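Here the structure is laid out as structure tokens; the discussion comes afterwards.
Since this is a predicted model, take the numbers as computed values, not measurements. FYI, the numbering just counts along the sequence from 1.
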Amino acid sequence: MNKHILFKKTISVIIFLILFSEGFSQTVITGSIYSDNNDTIKIFDIIALSAKDSTILTSNSFLKENFKLTVNQKDSCLLKISSFGYDDKYIKINTEGKNEIKLGKIILSSTNQLDEVVIKTKRPVIKRENGKLIIDVKNSSIKNSANMQDLFRKTPGIVIDKTKNIIVPGKGSPIIYINDKKVFSKSELDALRPGDISSIEIIRNPGAEYDASASAVIKIITKKITSDKLNASVGNSSYYGEHFSNITEIKIQSKYHKITNSLSLTQQFWNYTDFEQYEEYIFQNSGSAFENKGKTFSDKSADASKLFFTTGYKPNAKHKFAAQIFLMNYTGKDSVKTNQTINSDTKTNYLRNIKKYKETKRNSLGSGISWYYEPDTLRKIFLILDYTTFNYDFNSFINENIPVFEENAFIKLDNSSNYSVYSGKADYHFSNNNFGYAAGINFSSVDNNGKTNYFSDNLLYDKVSVSINDKIYGSYMQLNKTISNLYVRGGLRFEYSESKNTVIEDNKILSDTLYHNFFPDLTINYDFNENFVSTLSYSRKISRPAFKEINPKKEYYDSLSYFVGNPHLKPSFRDNFELSVNLFEMLDISLNYSLIKDKRFIVALDDNNIMKYTYINLDEYKEFGINIDFAYDGDRYSNYASINLTKPSANLPYLQTNIDISKPMALVYVSNEFLIGETTFYVDFSYDSPGNYGISYYKDNYYVSAGIYRNFLKDKLFVSLSLSDIFKTDNTTMIDKYSNIYVYAFGYEDSRRIEFSLTYNFNNFKKLHKYKKSNSEILKRLP
């Protein structure tokens, strides 16, 4: 039989079985559980009792407010709904002749709610639901991670890449939400404590309701308190390596009737050392016209102060108003010493000594307001407006000395950039037990004005002033439908973009682009049973250049190398296809394929024997990936393991030929935890195989870390001690080959260190405030 015909028939049979597999003798009962103050209840049990003799027909536990329970039609029953801290509720159900019963919103009374309930029970760590991978942090041991980076390392479906960035394998950097509020700064994540988190949701192919630039989404849901309280938490983490670093955090929250407030203060300073050994070659014809070999030692320090304040007012169950203010002040200092050996066609084998000092300042003020309206349990409307101002300045002093020629040069750069970001969005959601609809509009506007002055031997020899204006308008519509165990979601987003890049001095427009695009998505999720869930999804996404990538101002590393943005850089478009299965709520496997148009890379180019680093577009780039995540959480032993296999496919020009990028690579992470008495010991192992991450080829590396932690004083005091990178093996060896340039670099940082953390919670402090932000995708592109 023709394979194509056989394939079509097989798919048709599968679809038929899925659509008509619903048993004719069963009744599906659905509903949503809420407290009497209109908050969702995420943990509850349902028992179906026989209406005749009260025997148990079926039961289940649920970890979100929506539930679905299946009983036989012939058995009229009594539902018993229970949740810790709430009165049990009984509902009599007549199931005869009914395939589906929708109970809608069910209210549990909190008149007997306990002030504090400690539940120690083992629940599934990972599960898949409606295309999302859900990690139960609160009921697993990963909640005791020392900090957020350690928690992400241990979270299935998330990895920390070679550059210490948070990555969803096969998708790249995700957009992160904390209680539906977009995260635009890493400091927002650092302000969280792992113990604050209830669950994490990973969406590998997000729908139209999210920005078209969101190739993946991580949603962090924090714990809540429902009674009026004043809470406080004080924490301190100290790091001891080659240098000393420290982070101190104070958090205060209150809830009084209809008003909630949250204040977070963070003061941190850190010191660390980097080392890099590099070689750079520029080839002309068949030989090398320029060679630069060097060793660089960097002593870096920084201090930062951060303040978050959020307030909310909920006059009744239908309306909620919220506001937020964010302040950040950052100062970083970098002292660099470089010894180079230069060999060129004009000067042979001479030495250069370079001393460089750079001071960076970042100041940010963000504010926003939001309004939520829920007229009933089916509909939601919310409006968000945000404004952020961001200043980025750096001064760089470069002193170069060539002893053999008795030459000395002094370069100074003064750079300043000011950003103003306006944004807003409005969304409407409708959802019942088996059908949902969402639509919305959004806009963002960025104005950037900056200038750079270049000095040589204290004389101004060049200056550049640049203006960048960027506007994005978007709208979307999304539908979802549930048919028995089948969930289908489809959506379409439209975005219109306008970007202008201008050099102010001569009013020269370097780029002026207008473009619009449609971004469809489709997700099909089928629950064969509670131990086998599958998801098939597709989405089209865009990745816009960061403002540094298109800014034409130069940033000199020394007189022989500099970085400059490319104002003609195009956005990248990505078509994502994925098939995922979840087994026994412990194992999740994803197969993905991505076709990327105009993928962006940073490369080295020849500028008259000077290394010019800039970004370029590559016409076509493909990625194949397999992600395997496993989580087991026992009474005395827990294990989290992930294996991420990626195979890129691309061709790059190099020395009149093409380099084929196709070598598979693997990232393996394993964490083991042992509970001895009341103390937990853990050992983590990570391995990166050799391979290409984008245009750069990395050699393999690994590291081993270990630690110990324990809770005291009825879990109010948390103490941890850890040793990172025990064997000091977490280093990076990178090779770039592009056009006629060869670059080799080996480096490491202060990764082997001891960390001591101590946190004390007054009155059982918990994170409770929710706030959305509409401008974080723009802010991610700022320096």
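Separation of atoms CG (Leu583) and CD1 (Ile589) is listed at 5.5 Å; rounding is to 0.5 Å. In this structure, OG1 on Thr248 lies 11.0 Å from CG on Leu758, to the nearest 0.5 angstrom. Here the OG-CD distance, from Ser245 to Gln268, works out to 9.5 Å after rounding to the nearest 0.5 Å. Atom-to-atom distance recorded for Asn434:CG and Leu486:CG is 11.5 Å, nearest 0.5 angstrom. Rounding to the nearest 0.5 Å places OH of Tyr210 at 3.5 Å from CD1 of Ile203. Here CD1 of Ile126 is found 12.5 Å from CD1 of Ile200. Values are rounded to the nearest 0.5 Å.
Side-chain atoms of Lys251 never come within 3.5 Å of backbone atoms of Gly235 as a donor-acceptor pair (strictly under, hydrogens ignored). A donor-acceptor distance shorter than 3.5 angstrom exists from the side chain of Asp725 to the backbone of Asp730, with no hydrogens or angles considered. Panel note: side chain Ser83, backbone Ile43; a donor-acceptor pair is recorded below 3.5 Å. Of the possible donor and acceptor atoms, one in the side chain of Asn485 sits under 3.5 Å from a partner among the backbone N and O of Asp527. Asp629 places a side-chain N or O within 3.5 Å of a backbone atom of Gly157 that can act as its donor or acceptor partner. Judged by distance alone, the side chain of Arg710 and the main-chain N or O of Thr679 form no donor-acceptor pair under 3.5 Å. Although no hydrogens or angles enter the test, the distance criterion places no donor-acceptor pair under 3.5 Å between the side chain of Asp211 and the main chain of Ala214. Using a distance-only test at 3.5 Å, with no hydrogens or angles considered, no donor-acceptor pair links the side chain of Glu201 to the main chain of Lys132. Arg493 places no side-chain N or O within donor-acceptor distance of the main-chain N or O of Gln478, the cut-off being under 3.5 Å. The backbone N or O of Ala666 sits less than 3.5 Å from a side-chain atom of Ser689, completing a donor-acceptor pair.
In summary, of the residues considered (Asp521, Asn576, Asp575), a side chain to side chain donor-acceptor pair (under 3.5 Å) with Tyr538 occurs for Asp575 alone. The side chain to side chain contact (heavy atoms under 4.5 Å, CB included) test with Asn261 singles out one residue from Ile252, Thr310, Thr311, and that residue is Thr311. A side chain to side chain donor-acceptor pair (under 3.5 Å) with Arg489 holds for exactly one of Thr482, Asn480, Asn525, Thr523; it is Thr523.
Aromatic rings of Phe674 and Phe681 (six-membered ring for Trp) have centroids beyond the 6.0 Å cut-off, not under it. Aromatic rings of Phe762 and Tyr760 (six-membered ring for Trp) have centroids within the 6.0 Å cut-off, being under it. Between Phe528 and Tyr526, the ring centre distance stays below 6.0 Å.
Side-chain atoms of Ser580 and Ser590 include a donor-acceptor pair closer than 3.5 Å. Side-chain atoms of Asn592 and Ser594 form no donor-acceptor pair, as typed in the model, at a separation below 3.5 Å. Side-chain contact, Asn205 with Ser539: a donor N or O sits under 3.5 Å from an acceptor N or O.
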Test side-chain contact (heavy atoms from CB on, under 4.5 Å) applied to Phe382 and His429, step by step: CA-CA 9 Å; Phe382 54 87; His429 290 252; 3.7 Å; yes

Residues Tyr703, Asn701; criterion side-chain contact (heavy atoms from CB on, under 4.5 Å); working and verdict: CA-CA 7 Å; Tyr703 73 84; Asn701 77 312; 5.7 Å; no

Pair Glu673-Ser671, side-chain hydrogen bond (donor to acceptor under 3.5 Å, both in side chains): steps then yes or no: CA-CA 7 Å; Glu673 297 196 354; Ser671 178; 4.6 Å; no

Evaluation steps, side-chain contact (heavy atoms from CB on, under 4.5 Å), between Leu645 and Phe624: CA-CA 8 Å; Leu645 305 174; Phe624 304 84; over 6 Å; no

Stepwise side-chain hydrogen bond (donor to acceptor under 3.5 Å, both in side chains) check, Ser199 with Asp136: CA-CA 5 Å; Ser199 63; Asp136 182 14; over 6 Å; no

Stepwise side-chain hydrogen bond (donor to acceptor under 3.5 Å, both in side chains) check, Ser757 with Ser237: CA-CA 4 Å; Ser757 295; Ser237 295; 2.8 Å; yes

Step-by-step side-chain contact (heavy atoms from CB on, under 4.5 Å) determination, Tyr693 to Ile167: CA-CA 12 Å; Tyr693 287 82; Ile167 296 294; over 6 Å; no

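Residues Phe67 and Ile106 have side chains in contact (heavy-atom distance under 4.5 Å, counting atoms from C-beta outward). Counting only heavy atoms from C-beta outward, the side chains of Pro156 and Ile135 approach each other to under 4.5 Å. Put simply, the side chain of Met148 reaches to within 4.5 Å of the side chain of Ile197, judged on heavy atoms. In this structure, the side chains of Val683 and Val704 come closer than 4.5 Å at one or more pairs of heavy atoms. The side-chain heavy atoms of Ser444 and Asn442, taken from C-beta on, include no pair separated by under 4.5 Å. The shortest distance between side-chain heavy atoms of Tyr669 and Val159 does not fall below 4.5 Å. With a 4.5 Å cut-off on side-chain heavy atoms, Glu578 and Lys171 count as touching. Counting only heavy atoms from C-beta outward, the side chains of Asp684 and Arg153 never approach each other to under 4.5 Å.
Of all heavy-atom pairs between Ser572 and Ile596, the closest is CB-CG2, 4.4 Å. Closest non-hydrogen pair, Ser262 versus Gln253, comes out as OG-NE2, 2.9 Å. The shortest non-hydrogen separation linking Val217 to Pro206 is CG2-CB, 3.8 Å. Residues Ser213 and Arg544 approach most closely at CB-NH1, 4.5 Å, considering heavy atoms. Of all heavy-atom pairs between Asp633 and Ser141, the closest is OD2-N, 2.9 Å. Shown here for Leu151 and Pro194, the closest heavy-atom pair between the two residues is CD1-CB, 3.4 Å.
Lys219 pairs by the salt bridge (Lys or Arg N to Asp or Glu O under 4.0 Å) definition with Asp180, not counting sequence neighbours.
Judged by the 6.0 Å distance and 45° axis criteria, Lys154 is not positioned over the aromatic ring of Tyr640.
Ionic pairing of Arg574 and Glu623 is present here: one or more N-O contacts between side-chain nitrogen and carboxylate oxygen are shorter than 4.0 angstrom. Between Lys380 and Asp427, none of the side-chain N atoms (NZ, or NE/NH1/NH2) sits under 4.0 Å from a carboxylate O, so this pair counts as no salt bridge.
Relative orientation of the Tyr709 and Tyr682 rings is tilted, given thresholds of 30° and 60° on the angle between their planes. Note: Phe326 and Phe308 have parallel aromatic rings, judged against thresholds of 30 and 60 degrees for the angle between ring planes.
At most 12 heavy atoms of other shown residues, nucleotides or ligands fall within 6.0 angstrom of atom OH in Tyr702.
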